[in-house]
Amino acid sequence: MRERELPKSYEPKGVEEKWYSHWLEKGYFHANENDDSKPTYSIVIPPPNITGSLHMGHALNCTLQDILCRWKRMEGYNVLWMPGTDHAGIATQNVVEKELAREGLTRHDLGRDEFLKRVWAWKDKFGNYIIEQLKRLGASCDWERTRFTMDEGFSQAVREVFVRLYEEGLIYRGDYMVNWCPRCRTALSDLEVEYEDEEGGLWYIAYPLEEGTGEVVVATTRPETLLGDTAVAVNPKDPRYRGIVGKRVILPVVERPIPIISDAYVDMEFGTGALKITPAHDPNDFEIGKAHGLEAVNVMNPDGSMNERAGKYAGMDRFECRKAIVKALEEKGLLRKFEPYVHSVGHCYRCHTAIEPYISTQWFVRARPLAEQAIKAVEEGKTRIIPENWTKVYYEWMYNIRDWCISRQIWWGHQIPAWHCKTCGEISVSREEITRCLHCGSGDIERDPDVLDTWFSSALWPFGTMGWPEMTKTLERFYPTSCLVTGFDILFFWVARMMMMGLKFMGDVPFQHVYIHALIRDEEGQKMSKTKGNVIDPLRMMERYGTDAFRFTLAAFAAQGRDIRMSEKRIEGYRHFVNKIWNASRFVLMNLDGYTPGELDLEALTPVHRWILSRLTHAVAQANKALKAYEFDRYAGVIYQFTWHEFCDWYVEFSKESLYRGTTEERLGAQRVLVTCLDTILRLAHPVMPFVTEEIWQHLPVSGDSIVVAPFPKPEEAWTDQALEEEFALVMDVITAVRNIKAEAGLPLTKRIKALAKASGNPLAVLVREAPRIKALAFLEEFKVNEDLQRPLHSALAIVKGIEVYVPLSGLVDIGKEVARLEKELAKVTRELERVERKLANESFLKKAPAHVVEKEKRIHQEIVKKREKINSSLEMFHGLM
RNA sequence: AGGCGGAUAGCUCAGUGGGAGAGCACCGGCCUUACAAGCCGGGGGUCGCAGGUUCGAGUCCUGUUCCGCCUACCA
């Protein structure tokens, strides 16, 4: 027997801990790869960085996944939600290096092996922090399977992929211009560069002609790179420079002659139409330099300082050097002009240092062949992106994909499984550690010191976590995954690459659906960031308002295609909703004396109870539909609307008649319907509010071990009763009308007065039948309904659905108030009438609009005309009295 | 430069060619045997602007303004 009493108020803290550990104990979140009896549903978590702590983005992302997983689990699926964390190469290395810096050390002081030990130690200590926070959020992951992108099995997958891509020629190594972060001292992929407009300058520098007296003026935003100039280029069509192509200019400061070349790339409109060419420090110049066979003079060190090729500027920081060069040019009288200039500057996405285009030897993935499959898979519908408009963004990027620089000059990560032979100079790539060159057998080999881009391993996440390269039971059962839930900010970084790798190595897409959710912003629509100080800490929100209220808020605002503006006030608002459910449950539980469980007998139930069941099944249908369509906001909205404004506001109040004044049979019927509704609401809401629903559900007289594994509600077609819903719409309108009259007349709602209604036909029968409830909810001492009632003198009038409701007010209120109320009503009705009459006067409308629309307008017209007549005559009556 | 969103009540946002909605905020009333974290009632709108299609447009089309984001090698 379950406890029937709930405490006065809901205390989330203890309840959440209690049930979460209970669920873990019962193993509800564990997916069984050997279970053939159920359909499968799988999701891999976007692995959070081990350096991270739970922020709003994680909270939203995981709440949505948890909703899906809990929903599917309740629907009887074998659900795998694969959890884990990402080693986050640069980010983690940065964190540990900072820690070292506090001890006055650099990673080079420790050496590679010692440093890596430090990182692992750090990971063991802090790396699981975020996992614990996800548990706090209620995430129903299969924690027994928790993976890490650097664990042994995963490393094996990474090596396997690298070797196979290398063998197929899809990975190559070479000297190219890459994005270089001088602070992290590593190459970055194109995606890892964030461009921002910065106020810089455009310096116009004169390059004197070697022969004669002329000069060529070039414009540049980066004067310091002049040290590495190896040409000046002009457009071949530019008449201004036609005569001097092929001649040479003297590179200022360096005092070295460099050629004037012509290249169609040069924009005649920009600056002076002459462009300095620095092949080692600009991607375009690099290309032009290659085309013209120019030398690339690298004047910088990997840390962004100037190197020995910069002559007397050697050792100077690049930005210091810029100033120094400008000063030198001024002194030499070669600076022709300066103008402020806003241009886009790339920054490292990890440390925000301005990146440097830099030539170095790097490893690349040839992306195009992989992208072709990834495009095809989406075109063929094997993977569906939701909302659909992201599909176009995905295609756009895939069509224009460029090779992917995957080597990083850091230590924390998957070291590239390639060895350089000092004897024959060849590269050996191998799945296993090797000690001899695979080409010449020499033992004088050295492993490539670089590690792989973190995203290279993340790309393998959907199958790497399931045991690949072994073809495990888990893979067979759960790959491809059902859905990936993620933010659009990593669509290219991660989703696109998982698509490519999944198709390449599993021969199938990694996920059937990709649901792209919004970004969370602050109240003003600003991106949340620590530097702006506008972050809302999810843990504090859960602490303060309870996890369920927090999760419900996230879901309620997760409308597709729009960012979420989050504020604490909203979370507080939804805590009220949690409280509402709690109190409604208390009401139900404290009215279960004499309750016995049993099937609902529709025939035996009085109309009001069948009415709420009809509404309930409608809500259930809508919630199911919303979840299927990933409309989390609607799903939450349906629960909110039905629970609060239909179940609590109306049905609970109606049910009191049956509970307090009904027959034993009626009372039991009401109890069963109350329990059914509440049980259904709880099961419907469980995916989004797991804790409070479990806590209440465990008090309900229903069978089952846990709401986690209780069936998700399905619409009961037999409960739908459209006619009954219309009848109660009328009943509620009548009640509202009486309440309105009272309120506008300045009477307290609870003031017991009389009311009359003039109706006929079915409405008459309905109002007679429902009179007890109308009396209760409108606080009437008497409610008289009849076909031909005499309207009492001094009575207020309301017309609902053609039915006249009279509320005698003599002696209760001054007539002026009622007149004012009626005049307001008249104005409204008149406005409406004008609209309808305009429409019905339009012949084209009558001719061309569908018949049912015309019929409807005519019906409305009749109704309004009648209503207006009544109001008018009522007003006349009152005016006569005044 | 190209692409994608958004613009509807004071705020945040739904809205499916056919009586403009919700939540919060606001105003007024109320301890009503679940809930004052509540209940009841109410006021609030040129649906960014201009055209067009249509019997009918918040909704579809074209243009336009503002805001946000993404992609891109403009020195």
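Order of the sequence lines sets the chain letters (A, B, ...), proteins ahead of strands, with each chain counted from 1.
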Of the nucleotides B:U33, B:G19, B:A14, which has the atom closest to the A:Arg634 side chain? B:A14
A:Val266, nearest nucleotide to its side chain (from B:C35, B:A75, B:G42): B:A75
Can you check whether A:Arg859 has a side-chain N or O nearer than 4.0 Å to OP1 or OP2 of B:G19? no
Can you classify the ring geometry of A:Phe654 versus A:Trp650 as parallel (below 30°), tilted (30 to 60°) or perpendicular (above 60°)? tilted
Starting from the 5' end of RNA chain B, give me the residue, A:Arg222 or A:Gln641, whose nearest nucleotide shows up first. A:Gln641
What is the distance, to the nearest angstrom, from the CD atom on A:Glu857 to the P atom on B:G18? 12 Å
Starting from C1' on B:G23, measure out to CD1 on A:Ile639 and report it in whole angstrom. 16 Å
Expressed in angstrom and rounded to an integer, what is the separation of A:Phe845 atom CZ from B:U54 atom C1'? 13 Å
Taking only the side-chain heavy atoms of A:Glu744 (C-beta and beyond), determine which of B:A34, B:A37, B:G41 contains the nearest atom. B:G41
Compare the minimum distances between each of B:C39, B:C13, B:G18 and the side chain of A:Trp644, then state the nucleotide with the smallest one. B:C39
Spacing of A:Phe577 atom CZ relative to B:A22 atom C1', expressed in whole Å: 14 Å
In whole Å, I'd like the distance from the CZ atom of A:Phe270 to the P atom of B:C73. 16 Å
When the nearest nucleotide of RNA chain B is assigned to A:Gly273 and to A:Val652 on a heavy-atom basis, which residue is associated with the more 5' position? A:Val652
Ignoring the backbone of A:Asn740, work out which of B:C24, B:A34, B:G41 is nearest its side chain. B:G41
Atom CD of A:Glu843: over 12 foreign heavy atoms under 6.0 Å: no
Using a 4.5 Å cut-off on heavy atoms from C-beta on, say whether the side chain of A:Asp548 contacts that of A:Pro12. no
Roughly, in whole Å, what's the span from CD in A:Glu396 to C1' in B:G3? 7 Å
Just the rounded figure in Å: distance from C1' of B:G19 to NE2 of A:His852. 13 Å
Give a yes/no answer on whether the side chain of A:Lys856 brings an N or O atom under 4.0 Å of OP1 or OP2 in B:G19. yes
Proximal nucleotide (of B:C70, B:A75, B:A34) relative to the A:Ala584 side chain: B:A34
A:Lys866/A:Glu863 salt bridge by N-O under 4.0 Å criterion: no
Touch check for A:Asp649, heavy atoms < 4.0 angstrom, all strands: base, sugar-phosphate only, or nothing? sugar-phosphate
Choose from B:A34, B:A75, B:G18 the nucleotide whose nearest atom is closest to any side-chain atom of A:Val853. B:G18
Could you check, using the six-membered ring where one of them is a Trp, whether A:Tyr640 and A:Tyr574 have ring centers closer than 6.0 angstrom? yes
Reckon A:His576 has a side-chain N or O less than 4.0 Å from the OP1 or OP2 of B:C35? no
Among B:G38, B:C73, B:U12, which is the nearest nucleotide to the side chain of A:Arg570? B:U12
Between A:Lys569 and B:G23, is there a side-chain N or O to OP1/OP2 distance below 4.0 Å? no
Atom CZ of A:Arg739 and atom C1' of B:U32: how far apart are they, to the nearest Å? 10 Å
